[in-house]
Amino acid sequence: MRVRDLRVVRGKRDVLHGLTFEIARGEVVGLLGPSGCGKTTLMRALVGVQVVAGGEVTVLGEPAGSAGLRRRVGYATQAPALYADLSVAENLRYFASVLGAPRGDAARVMDEVGLGRHRDQVAATLSGGQLNRANLAVALLGEPQVLVLDEPTVGLDPVLREELWELFRELAGRGVTLIVSSHVMDEAGRTDRLLLMREGEILADGTPGALRASTGAADLEDAFLRLITGEAA
Amino acid sequence: MNPSITLATTRRILAQLRHDHRTLGLLVGVPALLMVLLRYVLDQPGLFDRVGPLLLGVFPFVIMFVVTSVATLRERTGGTLERLMTMPLGKLDLLLGYALAFGLVALVQVGAVLAISLTWLGLDLRGPVAALVVVAVLDALLGMALGLLASAFARTEFQAVQFMPAFVLPQVLLCGLIVPRDQMAGWLEAISHVLPLSYAISAMQELTREPAVTATLTRDITIIAACTLLSLLLGAATLRRRTP
């Protein structure tokens with residue numbers, strides 16, 4: 001995945017000012033930064049639903065959003081995008097047939113996110129965390145090669161969060177590239193690589209260990225603070 | 001376009017309606033109730049024979065407009081449209097999926113109203129019943145297509161609901177239901193010529209008068225179908241894969 005000089009303007013505001021980076025296949029990349037820094041906009045550009053003002057985004061060798069990528073890239077928005085009046089299974093079966101995913105894929109992803117017991121529950125009656133997992137399950141349908149996940153672990157208890165990260169690791173082991181945004185710093189340590197964003201720019205890019213070492217900080221939260229204040233000074 | 005995706009979309013929309021018993025009840029019950037009211041308000045069999053079929057062209061049109069504009073607005077604001085746009089779903093798959101699902105609902109709706117009208121209410125229709133069903137279902141589809149288009153201009157459900165009076169009531173006033181179109185001021189008549197509901201009413205009037213399918217009826221049906229298609233295509237143009 002390659003991003004070159006990506007610029008996005010929303011309204012009259014410059015949201016992303018010329019981002020450039022590359023992500024290798026099978027890498028788990030964390031996208032970190034305060035809310036409003038452009039994480040979601042960047043992710044929308046990666047899946048090709050964002051109008052961009054300039055630059056190039058290439059995913060699996062094709063321009064982002066091109067028809068050939070629509071079965072190979074899974075995307076989960078931050079706000080669950082599901083039909084509230086359908087059950088979990090009905091939602092998944094519908095999206096599975098749109099993707100042309102094999103029969104049984106809906107059941108597989110429900111188990112992967114631990115929603116098997118709630119399959120017949122109408123989405124509107126799910127808890128926030130369950131809804132988030134159902135939303136993530138849609139992105140897993142059809143075994144995409146790239147997963148773009150916007151805050152997939154918000155509202156989950158530590159045990160579930162642990163399970164999901166194990167799942168992400170397992171997927172990466174199979175060669176799936178994951179881009180996961182978060183603003184929880186302790187999660188960031190589980191990635192291969194972190195992109196720290198602030199106000200539409202990439203502040204730092206490296207492994208969690210390298211970021212800690214280069215700033216001399218004990219944890220990532222501290223490292224992030226040092227990077228921001230270091231820049232201000 | 002992909003038929004299996006279109007049909008999956010139709011199934012999904014019907015499943016949503018199946019979960020929503022109240023909406024389903026309102027969709028079928030309200031037009032039937034209005035028809036019963038109309039029959040007893042007019043209280044003259046001859047008058048009901050003339051006016052009843054006209055309203056059978058208007059009710060499904062209005063109801064489908066409202067239901068579709070809110071349903072598609074929900075897709076737009078709820079994020080499901082964006083999600084579908086990242087998937088291999090063509091815009092026509094979505095639109096035809098809606099058209100098929102709501103076409104089926106319209107068939108049930110019109111069937112129920114017609115069954116009550118022809119038996120209990122004693123409607124005496126001169127033209128063929130099948131032609132009336134075709135016109136009524138086409139009217140419903142026209143309402144659906146316009147609702148789809150209107151939803152693109154609404155940001156909230158409040159706005160979407162208000163588009164009903166804005167898009168629909170002027171057509172109801174000018175379609176010849178209240179005053180025959182040739183008795184209106186010239187400029188009003190000219191406007192009525194370009195509003196699709198005028199042709200729905202004209203078709204229904206033809207069915208109350210003529211026992212066979214006439215050239216006027218065929219022309220009206222063609223115009224309604226063309227307007228439906230045009231609105232669907234314009235609606236498709238408002239669905240964007242990329243948004244700002």
Side-chain angles (χ1 to χ4, degrees), chain A residues 8-13 15 41 43-53 59 64-87 89-101 122-125 135 138-139 141-142 144 146 148 150, chain B residues 1-27 67-68 70-98 100-101 105 155 157 238-244:
Chain A
V8 171
V9 181
R10 298 185 81 173
K12 286 194 175 107
R13 217 164 58 86
V15 183
T41 306
M43 296 186 126
R44 281 169 46 85
L46 292 177
V47 296
V49 293
Q50 175 68 51
V51 173
V52 300
V59 179
S66 53
L69 290 175
R70 288 186 196 134
R71 280 175 223 276
R72 299 160 75 198
V73 178
Y75 173 45
T77 48
Q78 194 174 341
L82 296 164
Y83 297 100
D85 40 7
L86 292 182
S87 71
E90 284 170 327
N91 265 293
L92 289 168
R93 277 202 301 267
Y94 172 55
F95 288 117
S97 32
V98 170
L99 286 164
V122 172
T125 64
N135 191 44
V138 179
L141 286 168
V146 173
V148 179
D150 202 353
Chain B
M1 222 199 97
N2 177 329
S4 72
I5 296 180
T6 309
L7 288 176
T9 305
T10 301
R11 270 200 306 277
R12 185 264 294 173
I13 296 161
L14 291 175
Q16 284 179 290
L17 282 173
R18 222 175 25 245
H19 281 281
D20 189 352
H21 298 168
R22 201 171 297 180
T23 295
L24 214 53
L26 288 168
L27 277 172
V67 172
T68 318
V70 172
T72 43
L73 186 74
R74 272 197 208 158
E75 293 245 24
R76 285 175 208 266
T77 55
T80 47
L81 180 65
E82 177 173 296
R83 169 159 255 161
L84 289 172
M85 290 290 115
T86 68
M87 294 184 174
L89 167 131
K91 294 168 187 177
L92 274 182
D93 289 325
L94 187 68
L95 293 175
L96 292 179
Y98 266 99
L100 268 175
V105 173
R155 292 265 163 87
E157 290 186 17
T238 68
L239 298 175
R240 301 276 164 153
R241 288 223 185 248
R242 285 182 189 267
T243 48

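Naming convention: chains lettered A, B, ... in sequence-line order (proteins, then strands); numbering from 1 in each chain. Model, not experiment: these values are computed from the prediction.
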Q) Can you find a pair of side-chain heavy atoms, one from B:Gln16 and one from A:Leu86, that are under 4.5 Å apart? A) yes
Any side-chain heavy atom of B:Ile13 sitting closer than 4.5 Å to one from A:Tyr83?
no
If one checks every heavy atom of A:Val122 against chain B at 4.5 Å, the contacting part turns out to be side chain
Highest number of heavy-atom pairs under 4.5 Å with chain A among B:Thr80, B:Asp20, B:Thr9 belongs to B:Thr80
From the list A:Asp85, A:Leu99, A:Val52, the residue making the most non-hydrogen contacts under 4.5 Å with chain B is A:Asp85
- Message: Quick one: does any side-chain atom of B:Arg12 pair with a main-chain N or O of A:Phe95 as donor and acceptor, under 3.5 Å?
- Response: no
*Heavy-atom side-chain proximity of B:Arg18 to A:Glu90 below 4.5 angstrom*: yes
* Asked: Can you check whether A:Ala81's main-chain N or O pairs, donor with acceptor, with B:Arg83's side chain at less than 3.5 Å?
  -> yes
Chain B shares the most heavy-atom pairs under 4.5 Å, among A:Arg10, A:Arg71, A:Arg44, A:Arg93, with A:Arg44
Do A:Tyr75 and B:Met87 make a side-chain contact, defined as non-hydrogen atoms from C-beta onward lying under 4.5 Å apart? no
Whatever's closer than 4.5 Å to a heavy atom in chain B on A:Ala76 counts as both
Note: vs chain A, highest number of non-hydrogen pairs under 4.5 angstrom among B:Pro244, B:Ala8, B:Ala15, B:Gly78 is B:Pro244
Checked B:Asp93, B:Leu7, B:Leu84, B:Thr6 vs chain A; the most non-hydrogen pairs under 4.5 Å come from B:Leu84
The interface call for A:Gln50 against chain B, heavy-atom contacts under 4.5 Å, is both
